[in-house]
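Every chain is numbered from 1 and lettered A, B, ... according to where its sequence line falls, protein lines coming before strand lines.
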Amino acid sequence: MAKEANEVALAMVRPLDRAFFGRDPRRVARELLGKVLVRGRVGQPAHPRQNACDRLAARIVEVEAYLGEKDPASHAAAGNTARTSVLFGPPGFAYVYFIYGTHYCLNVSCGREGKGGGVLFRALEPLLGIEEMAAARGVELQSPRDLPKLTSGPGRLAQAFGITRTRDNGCDLTSVQSSLWLGDDGFRSSKIGVTPRIGITKAAERPLRYLLEGNRFVSGRLASTNAPR
DNA sequence: TTATGGATTAGCT
DNA sequence: GCTAATCCATAAA
C-alpha cells in the first residue's frame with residue numbers, strides 16, 4: 001500500500017503544557033481525545049540528524065482515567081512505590097508498565113503532585129510513520145482494513161511506537177525535546193462517548209473510559225453506554 | 001525467598 | 001470462546 005495514501009500532513013503541532021495535565025484525570029482524559037502522540041519532531045523544525053523512521057504521529061481516540069490512590073483499579077492504589085512513583089510525581093510525565101509478561105502500556109501522570117492520578121492510552125489513529133509502525137508491529141498492510149491492527153489497543157499502540165519502560169518511563173510528555181510528547185494540531189473532536197473501563201476487575205462499573213464516537217480505531221467491542229457528562 | 005496474578009494480544013477451536 | 005505467552009511488582013513468609 002502506498003505510504004502517501006494514509007499519511008496525513010501535520011502542519012503545526014503545539015505541545016500541551018504542564019497545566020493541561022495538572023487537572024482531574026477525568027477532565028484530562030476527555031480533553032486528550034483528538035490530541036496527537038508524537039515520537040520525534042513533527043510540526044517542528046526537523047533535526048538534521050533525525051531520519052524519517054524516528055517520526056511517528058497518531059491521534060488519540062480512546063483513553064481511560066485512573067483517579068489515584070483511592071481508585072482501587074489504579075496502580076496508585078498500592079501507594080507510592082518504585083514502580084508507580086511517576087504517577088505520584090508532577091503531571092505530564094509518562095508512566096509505562098509491563099503487563100501479562102508481554103505488553104507495555106502508556107499512561108500520562110495527571111492531577112496534583114502526590115495524588116497518583118493518570119490517564120491510560122487505549123487507542124490511536126495513525127497519522128505519520130505508518131510503514132514504520134507496521135514494521136514495529138510485525139503487521140503486513142494489505143488494505144486500509146489492516147490499519148487498526150497497528151494502534152487499536154493499549155499493548156498494540158505501545159509496540160507501534162516502540163514504547164518500553166526502560167526507554168520511556170518518566171519521560172516529559174510536554175517537551176518537544178523529548179522523544180515522546182503530546183501536542184495539539186487544532187483538530188476538533190467529534191462526539192465523545194463514555195463507558196466503563198475495560199479489562200479491570202476492581203471498580204469495573206465506573207464510567208471512566210472516553211472515546212471518539214464512531215472512530216474505527218477505538219478498541220474492543222463495548223459500545224458507548226453513557227452520554228458525556 | 002517464593003508465590004501470585006494482572007489496565008493484553010494472537011492464534012486456534 | 002479459550003488460553004498461552006511469560007515479566008515483574010507486590011505480598012507473604
When rounded to whole Å, the CZ to P distance for the pair F98(A) and dC7(C) reads 7 Å

Atom NE2 of H103(A) and atom P of dA10(B) are separated, to the nearest Å, by 7 Å

Checking T151(A) against R156(A): is there a side-chain donor and acceptor pair closer than 3.5 Å? no

Among the nucleotides dT8(B), dT10(C), dA10(B), whichever has the atom closest to the side chain of R156(A) is dA10(B)

Using Watson-Crick geometry (N1-N3 plus N6-O4 or O6-N4) or G-U wobble (N1-O2, O6-N3), each under 3.5 Å, dT6(C) is paired with none

Note to self: For dA7(B) and H75(A) - does any side-chain N or O of the residue sit under 4.0 Å from the phosphate oxygens OP1/OP2?
What the structure shows: yes

Atom CG of N80(A) and atom C1' of dA9(C) are separated, to the nearest Å, by 14 Å

Decide, applying a 5.5 Å centre-distance limit and a 30° plane-angle limit (both strict), whether Y100(A) stacks on dT8(B).
yes

Whole-Å distance, R122(A) CZ to dT9(B) C1', equals 11 Å

Would you say the base of dA7(B) and the side-chain of Y97(A) have a donor-acceptor pair closer than 3.5 Å? yes

Which of dT10(C), dA7(B), dT8(B) is nearest the side chain of T81(A)? It is dT10(C)

Rounded to whole Å, the CD1-C1' distance (I99(A) to dA5(C)) equals 13 Å

Closest of dA9(C), dT8(B), dA7(B) to the R165(A) side chain is dA9(C)

Separation of dG6(B) atom P from D71(A) atom CG, nearest Å, is 16 Å

Regarding the side chain of R137(A), the nearest nucleotide among dA10(B), dA7(B), dT10(C) is dA10(B)

Separation of dT8(B) atom P from R197(A) atom CZ, nearest Å, is 11 Å

Note: R197(A)-E64(A) ion pair, threshold 4.0 Å (strictly below): no

Between OH of Y104(A) and P of dT9(B) the distance, given in whole Å, is 15 Å

Ranking dC7(C), dA5(C), dA7(B) by distance to the side chain of T102(A), first place goes to dA5(C)

Are F20(A) and L32(A) side-chain neighbours, meaning at least one heavy-atom pair lies under 4.5 Å?
yes

Between F93(A) and Y95(A), is the gap from one ring center to the other below 6.0 Å?
no

When L128(A), L127(A), D184(A) are each screened for side chain to side chain contact (heavy atoms under 4.5 Å, CB included) with V36(A), the one that passes is L127(A)

